[in-house]
Amino acid sequence: HWYTSRAKKGGSPTLDRIPLLFNQDIGMLYVEPDENDAHFYRNAQADEVVYVAKGQGVLESQFGDLPYREGDYVVIHRGIMHRWKLDLTVPQKFL
């Protein structure tokens with residue numbers, strides 16, 4: 001059981017993720033972002049699968065804009081430059 005209600009809230013969807021579980025091969029991170037990234041981000045080591053537990057917005061990448069909403073899984077392959085543009089009128093939770 002994880003007490004995510006006690007986790008730090010806010011920050012960036014890429015820079016303020018909190019690791020919940022991890023080993024040498026995989027990590028499960030959690031974030032409740034409340035600001036849009038001003039920067040683009042690229043994970044050079046691994047693919048990312050983001051479950052959108054709450055929220056909506058657009059993921060910007062070199063392949064165009066991908067709208068997302070609550071309940072979606074967003075798959076971002078290794079090496080893809082991207083930036084989260086959150087709809088700040090609704091709370092966001094990513095796992």
Flag the pair [X] / [Y] as yes when at least one side-chain heavy-atom distance between them is below 4.5 Å, and no otherwise.
{"X": "V74", "Y": "L66", "answer": "yes"}
{"X": "Q62", "Y": "I80", "answer": "yes"}
{"X": "M81", "Y": "Y41", "answer": "no"}
{"X": "I76", "Y": "N43", "answer": "no"}
{"X": "R69", "Y": "V52", "answer": "no"}
{"X": "M28", "Y": "L95", "answer": "yes"}

Can you name the closest pair of heavy atoms from [X] and [Y] and give their distance?
{"X": "S12", "Y": "L15", "result": "OG-N, 3.1 Å"}
{"X": "D87", "Y": "Q56", "result": "OD2-NE2, 2.7 Å"}
{"X": "P13", "Y": "W84", "result": "CG-CB, 3.6 Å"}

Does a donor on one side chain sit under 3.5 Å from an acceptor on the other, for Y30 and E32?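 The criterion, which ignores hydrogens and geometry beyond distance, is satisfied for E32 and Y30.
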| message | Quiz question: by atom type and distance under 3.5 Å, do the side chains of T14 and H39 form a donor-acceptor pair? | response |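 Checked: T14/H39 side chains pair up, N/O donor to acceptor below 3.5 Å.
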### Task
Among R17, R42, R78, find the residue that satisfies the salt bridge (charged side-chain N to carboxylate O under 4.0 Å, His left out) test when tested with E48.
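Only match with E48 under salt bridge (charged side-chain N to carboxylate O under 4.0 Å, His left out): R17.
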Original post:
Any chain of hydrophobic side-chain contacts (each under 4.5 Å) joining V90 to Y51?
Top reply: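 Each belongs to a different hydrophobic cluster.
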Q) Honestly curious: do F40 and V31 fall in one hydrophobic cluster under the side-chain, below-4.5 Å linking rule? A)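 They do not share one cluster, since no chain of ILVMFWY contacts under 4.5 Å joins F40 to V31.
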inquiry  = Please verify the inter-ring angle class for Y68 with F94; under 30° counts as parallel, over 60° as perpendicular, anything in between as tilted.
reply    =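 Y68 and F94: perpendicular rings.
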| query | When rounded to the nearest 0.5 angstrom, what distance separates NZ in K93 from NZ in K54? | reply |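 Separation between the atoms: 4.0 Å.
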Under 3.5 Å: donor-acceptor pair, side chain of N36, backbone of L86
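Checked: pair present.
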### Query
Does atom CG of L21 have more than 12 heavy-atom neighbours, drawn from other residues, nucleotides or ligands, at distances under 6.0 Å?
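Enclosed: over 12 neighbouring heavy atoms sit under 6.0 Å from CG of L21.
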Carboxylate-amine/guanidinium contact D34 K9, below 4.0 Å: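 No, no charged N to carboxylate O under 4.0 Å.
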task = List the steps, then state whether side-chain contact (heavy atoms from CB on, under 4.5 Å) holds for L59 with K85.
result = CA-CA 6 Å; L59 181 77; K85 289 298 213 177; over 6 Å; no
